[in-house]
There are 2 protein chains.
Amino acid sequence: MDGLVGKITAELLKKNIKPSYQRIKIMEYLIEKNNHPTVEMIYNHLVKEIPTLSKTTVYNTLNLFIEKGLVRPLTIEDNEARYDTIISNHGHFKCQSCGEIYDFPVEIDDFVPDKLQGFEIADKNVYFKGLCPKCISS
Amino acid sequence: MDGLVGKITAELLKKNIKPSYQRIKIMEYLIEKNNHPTVEMIYNHLVKEIPTLSKTTVYNTLNLFIEKGLVRPLTIEDNEARYDTIISNHGHFKCQSCGEIYDFPVEIDDFVPDKLQGFEIADKNVYFKGLCPKCISS
DNA sequence: CTATGTATTTGTAGTGATTACAATTTTATT
DNA sequence: AATAAAATTGTAATCACTACAAATACATAG
Ligand SMILES: [Mn+2]
Ligand SMILES: [Mn+2]
Ligand SMILES: [Zn+2]
Ligand SMILES: [Zn+2]
């Protein structure tokens with residue numbers, strides 16, 4: 001008995017999403033890896049377990065999760081979307097050498113500048129780019 | 001005699017960029033409009049004046065400007081790059097209704113979290129999404 | 001001024017991530 | 001078991017962007 005799968009199933013049902021095998025597996029990947037993956041990464045990993053898996057299903061499922069507020073899409077590079085299960089506001093650092101994406105805390109709610117009085121803010125994003133310690137020391 | 005064209009010419013020469021007609025026009029558009037345009041917007045506007053203009057030239061020129069540090073690319077949506085002549089760190093708000101992108105000041109240098117000690121930060125980005133006042137009141 | 005070489009521009013073809021859509025398979029209901 | 005609805009799959013289409021080679025404009029030497 002897998003506790004994570006149980007939690008995922010409950011979470012999906014709470015959002016009126018039918019907990020299909022594929023959907024559970026995709027959510028499981030997102031939570032366990034917690035690596036801000038691309039569609040490609042998700043597909044390549046899961047297709048070993050689910051040989052019939054279609055990349056379209058991965059896209060569809062992620063878009064469904066986004067719609068229901070379970071997943072947040074990250075736009076850091078313009079040529080590859082990334083996905084995060086952690087919805088709360090935090091910043092992302094992408095290493096330009098190894099490509100890894102690191103989380104970092106940031107008090108985004110602190111800086112709502114006067115300039116944005118009268119604006120309705122739905123979504124806040126902070127991302128940095130550069131080199132991570134591993135890549136600097138090698 | 002156009003003062004802006006003179007300034008642009010000097011600016012390009014300073015960066016070892018030959019100030020061709022197309023390059024000057026593209027930079028002129030960026031500075032005058034100051035609207036974080038897409039390639040499409042730049043092309044559609046300038047092709048009226050320069051009927052032979054190629055979209056490839058717009059792409060090439062923008063990439064050259066980025067390389068030389070004259071322009072900063074904005075990745076807000078994953079399906080359309082935007083370009084900004086203002087290099088200094090500031091935030092961007094994109095209205096999800098009208099699509100307009102607003103600047104706002106933000107003290108990005110203030111929040112370099114402890115988590116990023118040992119990281120080499122090359123680039124900082126802050127962008128919000130939501131509704132602008134115009135769109136809220138209509 | 002003309003010839004030759006270099007840089008810039010242009011048009012077309014290619015790429016790669018994402019979406020559209022119809023067919024197939026799975027799941028739920030009677 | 002029969003039927004309907006939902007989910008998954010595969011393929012084709014889309015669209016921003018890039019690669020590349022031909023054409024044009026520019027510079028420099030004779
Ligand atoms: Mn994250
Ligand atoms: Mn700006
Ligand atoms: Zn790295
Ligand atoms: Zn608006």
Of the options C:dT10, D:dA7, C:dT8, whose atoms approach the side-chain atoms of B:K18 most closely? C:dT8

Does the A:T61 side chain pair with the main chain of A:V58, one donor and one acceptor, at a distance under 3.5 Å? no

Closest to the A:N63 side chain, choosing from C:dT19, D:dC17, D:dT18: C:dT19

Across the strands shown, which category fits B:N60 at heavy-atom distances under 4.0 angstrom: base, sugar-phosphate, nothing? base

Choosing from D:dT18, C:dT9, D:dT9, which nucleotide comes nearest the side chain of B:R23? C:dT9

Can A:F119 and B:F93 be said to form a ring pair (Phe, Tyr, Trp, His ring centres under 6.0 Å), step by step? CA-CA 9 Å; A:F119 287 68; B:F93 180 96; 4.8 Å; yes

Can you identify which nucleotide, out of D:dT9, C:dT8, C:dT10, has its nearest atom closest to the B:I50 side chain? C:dT10

In this structure, how many angstroms lie between the P atom of D:dT8 and the CD1 atom of A:I42, rounded? 14 Å

Kindly indicate whether the side chain of A:T56 and the base of D:dT11 share any N or O donor-acceptor pair separated by less than 3.5 Å? yes

Separation of atom CD1 in B:I76 from atom P in D:dA16, rounded to whole Å: 17 Å

Side chain of A:K55, backbone of A:E40: donor and acceptor closer than 3.5 Å? no

Over all heavy atoms of both residues, which pair between B:N35 and B:R82 is shortest? Give the atoms and the distance, please. O-NH1, 4.3 Å

Could you give the OH-to-P distance, from B:Y43 to D:dC17, as a whole number of Å? 15 Å

Rounded off to whole Å, could you give me the CD1-to-P distance for the B:I17 and D:dC26 pair? 18 Å

Is B:Y59 near enough to D:dC17 that one of its side-chain N or O atoms lies under 4.0 angstrom from OP1 or OP2? yes

Quick one: is D:dA7 close enough that its OP1 or OP2 comes under 4.0 Å of any side-chain N or O from A:S20? no

d(CD1, A:I24; P, D:dT8) in whole Å: 10 Å

Taking for each residue the nucleotide of DNA chain C bearing the nearest heavy atom, is the 5' side occupied by A:E80 or by B:K55? B:K55

What is the distance, to the nearest angstrom, from the NZ atom on B:K25 to the P atom on C:dT9? 14 Å

Looking at every strand, decide which applies to B:T38 at a 4.0 Å heavy-atom threshold: base, sugar-phosphate, or nothing. nothing

I need the CG-P distance between A:L62 and C:dT19, as an integer number of Å. 10 Å

Quick check for you: among C:dT10, C:dT18, D:dC17, whose closest atom lies nearest to any side-chain atom of A:D78? D:dC17

Does OP1 or OP2 of C:dT26 have a side-chain N or O of A:Q22 closer than 4.0 Å? no

Euclidean distance, atom CG of residue A:N79 to atom P of C:dT18 [Å, nearest integer]: 8 Å

Going by heavy atoms in the side chains, are A:K33 and A:H45 under 4.5 Å from each other? yes

